[in-house]
Protein chains: 4
Amino acid sequence: MPKVKDQNKVNAIYKATIELVTKTGFSGLKMAEVAKKSGVATGTLYVYYISKEQLINDVFVVTKKEVAGAIINSKYVKGSFNKTFKAMWYGYFKYCLLNPEKMLFVEQFIYSGYITEANIIKTNTYFEPLNQFLIEGQKNDYVKKMDVALIKAHLQGAIHEIVKMVVREGLKLKKKDMNTCFTMAWDSITE
Amino acid sequence: MPKVKDQNKVNAIYKATIELVTKTGFSGLKMAEVAKKSGVATGTLYVYYISKEQLINDVFVVTKKEVAGAIINSKYVKGSFNKTFKAMWYGYFKYCLLNPEKMLFVEQFIYSGYITEANIIKTNTYFEPLNQFLIEGQKNDYVKKMDVALIKAHLQGAIHEIVKMVVREGLKLKKKDMNTCFTMAWDSITE
Amino acid sequence: MPKVKDQNKVNAIYKATIELVTKTGFSGLKMAEVAKKSGVATGTLYVYYISKEQLINDVFVVTKKEVAGAIINSKYVKGSFNKTFKAMWYGYFKYCLLNPEKMLFVEQFIYSGYITEANIIKTNTYFEPLNQFLIEGQKNDYVKKMDVALIKAHLQGAIHEIVKMVVREGLKLKKKDMNTCFTMAWDSITE
Amino acid sequence: MPKVKDQNKVNAIYKATIELVTKTGFSGLKMAEVAKKSGVATGTLYVYYISKEQLINDVFVVTKKEVAGAIINSKYVKGSFNKTFKAMWYGYFKYCLLNPEKMLFVEQFIYSGYITEANIIKTNTYFEPLNQFLIEGQKNDYVKKMDVALIKAHLQGAIHEIVKMVVREGLKLKKKDMNTCFTMAWDSITE
DNA sequence: AATGAATGAGATTTCATTCAT
DNA sequence: CATGAATGAAATCTCATTCAT
């Protein structure tokens, strides 16, 4: 949580943190390197964040919010279930393909021991509209009857793993493959 | 006749490492704690593993092998596609539910910066039989036509995420839910 | 404006290193003790030198340069061969008597396994002018005809051994003895 | 000081110790390596020597005795001063050329902090006959009048330094050069 | 506020020595 | 006596954090 304002610095630190974690793995994330990469002094880092834990938590929350925004986009919520689901699924899938480092960041750190329980709970609320949307889908017999948390987990897990694989192997997904991926998702959740 | 190298110690170290990572997150994995928990002196750790990195890589490879063994089980390979797939899926799903710490361990460390590229490649080969099984399924028009790596990713990602959620929230999956989870998996990959 | 790197610290570290090696023998040189004696934190040592090896190499090179400076002193190079030689010999002899710890340091560490080959070569060049002076002396038939490296070795070895003995036994060299020592040196190299 | 008898082991340990110090410098001398190189277990080392310090001191004393033997050889003591001196000088010079690792060992360790004062004093007595010989030479006006310790230091220092140089540079001393070296030694000490 | 040198607690690793076999 | 696995005190080095400028 920044104490002061230079938004350029905040952005630079945020960017550097995400990039370093993606590059060196998060066990190698050093404050000195974050400082260097973001072009500020180590001391300055502590003007903006009181500790490494704070920095990581902050980056985590900000990123998680952005991730949620990629799925939950008000302009879609008025369409049919299928159309809306498709929009959400593609929204998230493409976001992950474009920002794998952010996707990885939140995935990695959630079990790292760095993120506070409070922040995990807090960021989960960002996905509440998605829950509502799926519950609505169940009421209308579109969606398999089961705890929506499990359904979300199924969808998210599948997307993440596919994207990680694509990124790791340096693949280029064709439109056809992406459509098949979507069909897998759709088939899995619908009755 | 000197003391002889002790497999019990290796096992104790392995167990301690997995448990500590699961408990404290692996940014908090300390050699001193591994030593303490496994009941050996710190120096002894270095009799068996030349460095922390080596220890983690070793635990990673051993665990990944065990994980692969949970899926690929020769007694199933003679059944129908559906039966075999079901056996594999349940085999893996239940393994993950019973050993979430091992599942987490391999998932976490793969992006930690600790695991060498060579070990990542090596452990991937353990899953080759699964690839073959899915390719066979595609030939017989059971399975959607797409790079099997993507299909595997979809299946694995979904399972992992569900299990992580179940563990995190302390849920107890009912038989019915587990069946629904399986149906999701089956529906997603079949044509 | 941040704190600025402090030459006083470098000097203090240098001094502490030499003194500790002289006092405890260098098998007992510990970074913690160097830090303590030079009045800095252990971490600070690593701000200035990336490792113990680096520290020792640095102290070695600096000292060797100073040692060379004790012999090769431009104000003498214009005199007769005898006068110049005498000036150099006394210059070095007295330097060693006054700074036996520095003489010992370079002598000890050269075979310690700590000094890199590059630094050994580098520091040898500091003595080039002495080579030239002796070669000149040979051309004018003052000096015995032989590889000047051997002549230098003879002179230096004799001085070092004498000084070591003097220091070890706590002797006080009388003027007469010093003159005899010089005569030994002079007689040994002249035709 | 061996507790027991297997002389082969004692010899192997002695040889390994000297060789390792010559190769890796003595700051890198490790008991485990001595054990390995001499073909015994680490535990066995401690059957023969109660500590590393003991081992090194023992090797030191044994070697120093051998070194003294190379100089002081009863068959020469009856000749003229010149002949005897020449025999001694060549005896020592050639010994050093043939066994530089032993010469280095004693030279290195004397200031390492490992050798006890008692052993330094003890080994000095081995050279007593040389002292007597030089004193006799002074009485007969062959040798410059000065503390014989200084004369010995001068001679020994010169020899050591020359040999070190020869070994370091991989030179091959010609007979003529060796004679010049002797002449330097002779000229330096005679009146 | 910004800097980066300085700090020192704490981590990893080493290695002389011990001890069970 | 011989072995080498086991030990743990102590060494080196790291790095999040502080602080003088």
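Chain letters run A, B, ... following the sequence lines, proteins first and then strands; every chain starts at 1.
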Taking atom [atom2] of [N] as reference, at what distance in whole Å does atom [atom1] of [X] sit?
X: A:Asn57; N: F:dA16; atom1: CG; atom2: C1'; value: 16 Å
X: C:Leu45; N: F:dC13; atom1: CG; atom2: P; value: 10 Å
X: B:Leu20; N: E:dA11; atom1: CG; atom2: C1'; value: 15 Å
X: B:Asn8; N: F:dA5; atom1: CG; atom2: P; value: 16 Å
X: C:Glu33; N: F:dA11; atom1: CD; atom2: P; value: 8 Å
X: D:Gln54; N: E:dT18; atom1: CD; atom2: C1'; value: 17 Å

### Task
Taking atom types as modelled, find out whether B:Tyr14 and B:Thr63 have a side-chain donor-acceptor pair closer than 3.5 angstrom.
yes
#### Entry: Any donor-acceptor N or O pair under 3.5 Å, side chains D:Gln7, D:Asn11
yes
### Task
May I ask you to verify if any side-chain N or O of D:Lys9 is less than 4.0 angstrom from the OP1 or OP2 atom of F:dA2?
yes
### Query
Does A:Lys36 have a side-chain nitrogen or oxygen under 4.0 Å from the phosphate oxygens OP1 or OP2 of E:dG4?
no
If we only count heavy atoms from C-beta on, is the [X] to [Y] side-chain gap below 4.5 Å?
X: A:Ile110; Y: A:Phe60; value: yes
X: B:Met103; Y: B:Gln108; value: no
X: C:Lys102; Y: C:Thr22; value: no
X: C:Met31; Y: C:Tyr46; value: yes
X: D:Asn57; Y: D:Tyr49; value: no

Could you go through nucleotides 12-14 of chain E and list every protein N or O atom that sits under 3.5 Å from one of its N or O atoms, giving the distance for each pair?
| unit_1 | atom_1 | unit_2 | atom_2 | d |
| --- | --- | --- | --- | --- |
| E:dT12 | OP1 | B:Lys52 | NZ | 2.9 |
| E:dT12 | OP2 | B:Met31 | N | 2.9 |
| E:dT13 | OP2 | B:Tyr46 | OH | 2.7 |
| E:dT13 | OP2 | B:Lys52 | N | 3.0 |

### Task
Check every strand shown and say whether C:Tyr48 touches a base, only sugar-phosphate, or nothing at a heavy-atom separation below 4.0 Å.
sugar-phosphate
#### Entry: Donor-acceptor under 3.5 Å (A:Lys52 side chain, A:Leu29 main chain)
yes
### Duplex segments of DNA chain E, taken as runs of at least three Watson-Crick or G-U pairs that stay under 3.5 Å
E:2-21 with F:2-21
### Task
Answer yes or no: is there an ion pair linking A:Lys164 with A:Glu107, defined by an N-O contact shorter than 4.0 Å?
yes
